[in-house]
*Asks:* 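My questions all concern the structure below.
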Amino acid sequence: MHTTLIRRVVVDAARNRLITSSDDKTVRVWQMPEGRLLKVLRIPIDGGHEGQVFGLAVSPDGRTVAAAGWTGWDWEGRGSIYLLDVATGDLVKRFGNLPETVSAMMWSPDGRYLAVGLQGRGGFHVLRADTGEIVASDPAYNDKLLDLDISPQ
């Protein structure tokens, strides 16, 4: 179990895994419908808030989890997104240099893009899921974005 507030709960497309993130600085993968813990995924952490995961998304193929929140902020003054392999827990990629901490994320149905909502006045960005390159953004959105969704169309 998580030891503190659960920030986000997502389900993979096959609906056989539930993935949770928490202020305890972990991401946990659960087998459904049993609710059995399969794996604890970890991102780089530090004292204080560094490592708290607010945004969480699972790729359409269920193999990769994007985890972000108060991640990279204490080291660089910029937000980071970590891509983790669900099966092994390995860190696959890190996308940095975001102007705020991340509060919400979602993969596009085709797996090519990652929609990212930022806290503060950071706005909204769409990144290529393979490179982290920002391909679209709305930095004029003047409030934190707590959740988002992408239409299948």
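What's counted below: heavy atoms across the whole structure, side chains too, no hydrogens, waters or symmetry copies. Just so it is clear, the structure is predicted and the values come from calculations on it, not from any experiment. In what follows, residues are counted from 1 in the order of the sequence shown.
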*Asks:* Could you report the tightest heavy-atom contact between Trp107 and Val58, atom names first, then the distance?
*Replies:*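 Trp107 and Val58 have their closest heavy atoms at CD1-O, 2.9 Å.
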
*Asks:* Looking only at heavy atoms, which two atoms of Ile43 and Gly51 are closest? And how far apart?
*Replies:*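 Closest pair (atom of Ile43, atom of Gly51, distance): CD1-O, 3.7 Å.
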
*Asks:* So if you build clusters from Ile, Leu, Val, Met, Phe, Trp, Tyr with side-chain heavy-atom gaps below 4.5 Å, do Val27 and Val40 land together?
*Replies:*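 They do not share one cluster, since no chain of ILVMFWY contacts under 4.5 Å joins Val27 to Val40.
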
*Asks:* Taking all heavy atoms of Arg94 and all of Ser80, pick out the closest pair and write down the distance.
*Replies:*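 Closest heavy-atom pair between Arg94 and Ser80: NH2-OG, 2.9 Å.
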
*Asks:* Please check if the side chain of Ser22 supplies one atom and the backbone of His2 the other of a donor-acceptor pair under 3.5 Å.
*Replies:*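 Side chain of Ser22 to backbone of His2: no pair is present.
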
*Asks:* Shortest non-hydrogen contact from Gly69 to Thr101?
*Replies:*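 Looks like O-CB, 3.2 Å.
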
*Asks:* Show, in sequence, the C-alpha distance, side-chain angles and deciding distance for Asp149 and Asp147, and conclude whether the side-chain contact (heavy atoms from CB on, under 4.5 Å) test is met.
*Replies:* CA-CA 7 Å; Asp149 199 4; Asp147 208 354; over 6 Å; no

*Asks:* If I compare all heavy atoms of Leu84 with all of Leu91, which pair ends up nearest, and what's the gap?
*Replies:*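 In terms of heavy atoms, the two residues are closest at CD2-CA, 3.8 Å.
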
*Asks:* Starting from Val86, can I reach Tyr82 by hopping between I/L/V/M/F/W/Y residues whose side chains sit under 4.5 Å apart?
*Replies:*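 Linked within one cluster.
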
*Asks:* Return yes if some donor-acceptor pair links the side-chain N/O of Arg78 with the main-chain N/O of Asn97 below 3.5 Å, else return no.
*Replies:*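 It does hold such a pair.
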
*Asks:* Ignoring hydrogens and angles, tell me if any N or O in the side chain of Asp24 forms a donor-acceptor pair with the backbone of Thr3 under 3.5 Å.
*Replies:*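 The answer is yes, because a donor-acceptor pair under 3.5 Å joins these two groups.
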
*Asks:* Where do Asp46 and Lys25 land on the salt bridge (charged side-chain N to carboxylate O under 4.0 Å, His left out) test, with the steps shown first?
*Replies:* CA-CA 9 Å; Asp46 204 350; Lys25 305 178 182 182; over 6 Å; no

*Asks:* Any side-chain to backbone donor/acceptor pair from Asp90 onto Val92? Under 3.5 Å, distance only.
*Replies:*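 No; zero donor-acceptor contacts below 3.5 Å.
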
*Asks:* Can any side-chain N or O of Asp12 pair as donor or acceptor with the backbone N or O of Arg17 at less than 3.5 Å?
*Replies:*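 Yes; at least one donor-acceptor contact below 3.5 Å.
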
*Asks:* May I ask you to decide if Met32's main-chain N or O and Arg15's side chain share a donor-acceptor pair within less than 3.5 Å?
*Replies:*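 No, because the side chain of Arg15 does not come within donor-acceptor range (under 3.5 Å) of the backbone of Met32.
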
*Asks:* Kindly say whether Asp74 contributes a backbone atom to a donor-acceptor pair with the side chain of Glu50 at under 3.5 angstrom?
*Replies:*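 Checking the backbone N and O of Asp74 against the side chain of Glu50, a donor-acceptor pair under 3.5 Å is found.
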
*Asks:* If only atom types and distance count, is the side chain of Lys93 paired as donor or acceptor with the main-chain N or O of Asp130 below 3.5 Å?
*Replies:*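 Side chain of Lys93 to backbone of Asp130: a pair is present.
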
*Asks:* Does the Ser103 side chain pair with the main chain of Gly117, one donor and one acceptor, at a distance under 3.5 Å?
*Replies:*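 Yes; at least one donor-acceptor contact below 3.5 Å.
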
